[in-house]
Amino acid sequence: MVRVGIVGATGYTGLELIRLLSSHPDVELAWLTSETHAGQRLAEVYPTTVETRLLSWQEVSLHREDVVFLCLPHGASMAAVRRAYDAGCYVIDLSADFRLPTPALYERWYGHPHQEPELLTKAVYGLPEVYRERVRGARLIANPGCYPTSVNLALYPLARTGLLSAPIIVDSKSGVSGAGRKPKLNTHFVEANENLSPYAIGRQHRHIAEMERVLGEAWQGPGTPDILFAPHLLPVSRGILSTIYVTLAQDTRPEQVWEVYQVHYAHEPFVHVLPLGQVATLRHSQYSNRCVIGLTPVDARRWIITSSIDNLIKGASGQAVQNMNIALGLVETAGLETGL
Ligand SMILES: NC(=O)c1ccc[n+]([C@@H]2O[C@H](COP(=O)([O-])OP(=O)(O)OC[C@H]3O[C@@H](n4cnc5c(N)ncnc54)[C@H](OP(=O)(O)O)[C@@H]3O)[C@@H](O)[C@H]2O)c1
């Protein structure tokens with residue numbers, strides 16, 4: 001059995017990992033950490049039947065070959081990643097701390113210097129459908145952001161054909177769990193309920209860097225993958241729906257574009273391309289590790305692409321389990337079959 005520990009287990013992504021890993025056939029959940037609730041049982045902190053006692057991170061004895069999932073805010077994750085990596089563990093970081101390739105890019109988007117630039121060079125960006133070969137055997141995996149997962153999977157097949165042109169307009173809506181469990185004014189029930197709020201629109205949101213990184217590596221079209229991004233807070237608990245407006249570089253038959261996606265994702269267990277013209281909705285992916293993509297032609301050049309994921313599963317903890325499975329050579333879908 002693989003020994004697994006979760007740092008920051010009382011947050012939404014940590015709790016989702018506990019749920020998924022509890023039914024993983026190859027995993028033993030060895031320890032869970034919380035700084036605020038160290039010493040208490042998980043069941044005292046969250047309505048669950050899991051009675052495991054929470055440890056503080058410093059109390060944990062790390063074993064070589066353990067898998068350590070880090071579910072901490074960005075900035076707080078770097079030192080913990082260093083400790084787990086130096087102990088010889090496999091490290092899967094769900095924060096943004098190791099997702100960008102250089103310290104300069106990290107500082108530009110996150111506003112503070114990277115504390116572990118040497119470790120950054122060892123990190124693999126864990127989007128399995130694009131970088132599966134890099135993830136195999138990797139000891140430090142940067143789990144992608146939720147919005148970038150929905151957008152990159154929706155655009156990657158087109159980006160590599162040379163058919164896609166910029167700018168690309170991305171309108172995304174996220175459920176409130178995307179903002180984490182810690183209460184904030186804008187996620188307060190009365191503020192969020194029966195409301196729909198855009199935030200950080202244009203070129204402000206940090207996730208643009210991950211979108212342009214992945215699409216830029218595949219990009220064959222004219223110019224660069226310049227993204228205009230409008231994220232919204234949607235008053236549902238979970239789910240992301242991205243509606244993406246694209247213009248192709250040349251006139252193309254609808255069946256040709258649809259076939260590009262069909263062929264590209266034919267063997268992917270967690271990406272589903274809907275029949276031409278059918279739109280993806282939140283319901284298509286909620287509680288699953290699936291990304292569901294809808295392709296709607298508007299005319300010979302313009303398309304609207306819809307992409308749906310569960311932000312806590314394919315957008316975070318499910319993708320992290322998928323990455324662990326690949327890195328360790330386990331069955332890629334193990335522990336993730338629910339809702340397939
Ligand atoms: N929510 C999503 O949909 C989603 C999707 C993709 C990626 N992510 C990323 O995954 C990470 C975790 O997200 P989340 O939604 O699970 O967050 P969360 O619900 O706010 O939980 C984070 C946990 O980290 C611990 N923590 C908070 N501040 C800390 C600090 N300054 N230093 C050390 N520990 C601290 C807290 O646990 P204790 O106080 O009990 O220790 C808290 O329970 C974040 O980096 C987030 O950006 C989230």
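When a residue number appears, it is its place in the shown sequence, counting from 1. None of the values given here were measured: they were computed from a predicted structure. Side-chain atoms are counted along with the backbone in the values below, which use heavy atoms only and exclude waters and symmetry mates. Atoms within a ligand are numbered from 1 in the order they appear, just like the ligands themselves.
The ring of His272 has its center no closer than 6.0 angstrom to the ring center of Tyr265. The ring of His207 has its center no closer than 6.0 angstrom to the ring center of Phe229.
In terms of modelled atom types and a separation under 3.5 Å, the side chain of Asn323 and the main chain of Gly126 share a donor-acceptor contact. Using a distance-only test at 3.5 Å, with no hydrogens or angles considered, no donor-acceptor pair links the side chain of Arg238 to the main chain of Ser177.
Ligand 1 has an N or O atom lying under 3.5 Å from an N or O atom of Gly11, backbone or side chain.
Hydrophobic clustering of Ile, Leu, Val, Met, Phe, Trp and Tyr side chains at less than 4.5 Å, counting indirect connections, unites Val7 with Met78.
More than 12 heavy atoms of other residues, nucleotides or ligands shown are found within 6.0 angstrom of CD on Gln40.
Ring orientation note: the planes of Tyr110 and His74 are nearly perpendicular, at an angle over 60° on the 30°/60° scale.
For Ala76, every heavy-atom contact with ligand 1 shorter than 4.0 Å involves the side chain, none the backbone. With a 4.0 Å cut-off on non-hydrogen atoms, His74 touches ligand 1 through its backbone and not its side chain.
Using a non-hydrogen distance threshold of 4.0 Å, Arg99 registers as a contact of ligand 1. At least one heavy atom of Gly178 lies less than 4.0 angstrom from ligand 1.
Selection from Ser34, Gly8, Pro73 by nearest heavy atom to atom 35 (C) of ligand 1 gives Pro73. Evaluated by nearest non-hydrogen atom to atom 1 (N) of ligand 1, the leading choice among Ser177, Ala316, Gly180 is Ser177. For atom 44 (C) of ligand 1, the nearest non-hydrogen atom from the set Leu72, Asn143, Leu312 comes from Leu72.
The atoms of ligand 1 that sit less than 4.0 Å from any heavy atom of Thr36 are 38 (P), 39 (O), 40 (O), 41 (O). Within ligand 1, counting atoms from 1 as listed, the ones closer than 4.0 Å to a heavy atom of Cys71 are 12 (C), 22 (C), 23 (C), 24 (O). In summary, the atoms of ligand 1 found under 4.0 Å from a heavy atom of Gly315, numbered by their order in the structure, are 5 (C), 6 (C).
The closest protein non-hydrogen atom to atom 19 (O) of ligand 1 is Arg181 N, 2.8 Å. Nearest protein neighbour of atom 41 (O) of ligand 1, counting heavy atoms only, is Glu35 N, 2.7 Å. Among protein heavy atoms, atom 4 (C) of ligand 1 sits closest to Thr13 CG2, 3.7 Å. Of the protein's non-hydrogen atoms, Leu94 O, 3.3 Å is the one closest to atom 9 (C) of ligand 1.
Counting only heavy atoms, the protein gets under 4.0 Å from atom 6 (C) of ligand 1. Contact annotation for atom 38 (P) of ligand 1: protein present (non-hydrogen atoms, distance under 4.0 Å).
Side-chain atoms of Tyr261 and Ile305, non-hydrogen and from C-beta on, do get closer than 4.5 Å to each other.
In this structure, Arg99 is not positioned above the aromatic face of Trp109 in the sense of NZ or CZ being under 6.0 Å from the six-membered ring centre and within 45° of the axis. For Arg139 and Tyr85, the positive end sits near the middle of the six-membered ring, less than 6.0 Å away and at most 45° from its axis.
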